[in-house]
Amino acid sequence: MRLKITEVSFTTEENWLFKLSDGYSDYFILSEEFYKKKGLKNPIGKKEFDSWDVGFSVLCEVLEFEEQKVVVKIN
C-alpha cells in the first residue's frame, strides 16, 4: 500500500512519529516502544527517521491495533 506522510511529530504530545494517509484513512508509524511491546521490528531506521518529511510517499504494510492502523513494514 502506498501512503503519503501528512504530519510529523517528534514530541511526546502524540503517540506517533509519522501520520500517513491514502486519501481515505489515517495510518501511523509509532514509537519504537510500541513495536517492542508487540514483538514487532520497528519499520524505520535512523536513515528514514532523519530524511522523511511531509509529502514523502512510502510503500508499506499495515496492521490494525486497537482501532489504529499501524505501519509494520516498509517495502
**Asked** Does Val8 reach the side chain of Phe49, with side-chain heavy atoms less than 4.5 Å apart?
**Response** no

**Request:** Answer yes or no: is there a side-chain heavy-atom contact under 4.5 Å between Pro43 and Val72?
**Result:** no

**Asked** How close do Ser9 and Glu14 get, heavy atom to heavy atom, and via which atoms?
**Response** OG-CG, 3.5 Å

**Asked** Quick one: does Ile29's side chain get under 4.5 Å of Ile44's, heavy atoms only?
**Response** yes

**Prompt:** Ile74 versus Leu59: any side-chain heavy-atom pair under 4.5 Å?
**Reply:** no

**Request:** Determine whether Leu3 and Ser57 make a side-chain contact, defined as any pair of heavy atoms from C-beta on separated by less than 4.5 Å.
**Result:** no

**Request:** For Trp16, enumerate each residue passing the ring pair (Phe, Tyr, Trp, His ring centres under 6.0 Å) test, keeping only those at least two apart in sequence or located in another chain.
**Result:** Phe28

**Prompt:** For the residue pair Asn15 and Leu30, what are the closest heavy atoms and their distance?
**Reply:** O-CD2, 3.2 Å

**Asked** Quick one: CG on Leu17 to CD on Glu48, what's the gap to the nearest 0.5 Å?
**Response** 12.0 Å

**Request:** For a side chain to side chain contact (heavy atoms under 4.5 Å, CB included) with Asp26, tell me which candidate from Lys19, Gln68, Lys69, Glu7 qualifies.
**Result:** Lys19

**Prompt:** Is the shortest heavy-atom distance from the side chain of Glu61 to the side chain of Val71 under 4.5 Å?
**Reply:** no

**Asked** How far apart are the closest heavy atoms of Ser21 and Tyr24, and which atoms are they?
**Response** OG-N, 4.2 Å

**Partner residues of Glu66 under the side chain to side chain contact (heavy atoms under 4.5 Å, CB included) criterion, sequence neighbours left out** = Lys38

**Message:** Any non-hydrogen side-chain atom of Val70 less than 4.5 Å from a side-chain atom of Leu63?
**Reply:** no

**Prompt:** Just wondering, do Ser51 and Phe56 contact through their side chains at under 4.5 Å, heavy atoms?
**Reply:** no

**Prompt:** ring pair (Phe, Tyr, Trp, His ring centres under 6.0 Å) with Phe18: which residues, sequence neighbours excluded?
**Reply:** Phe10, Trp52

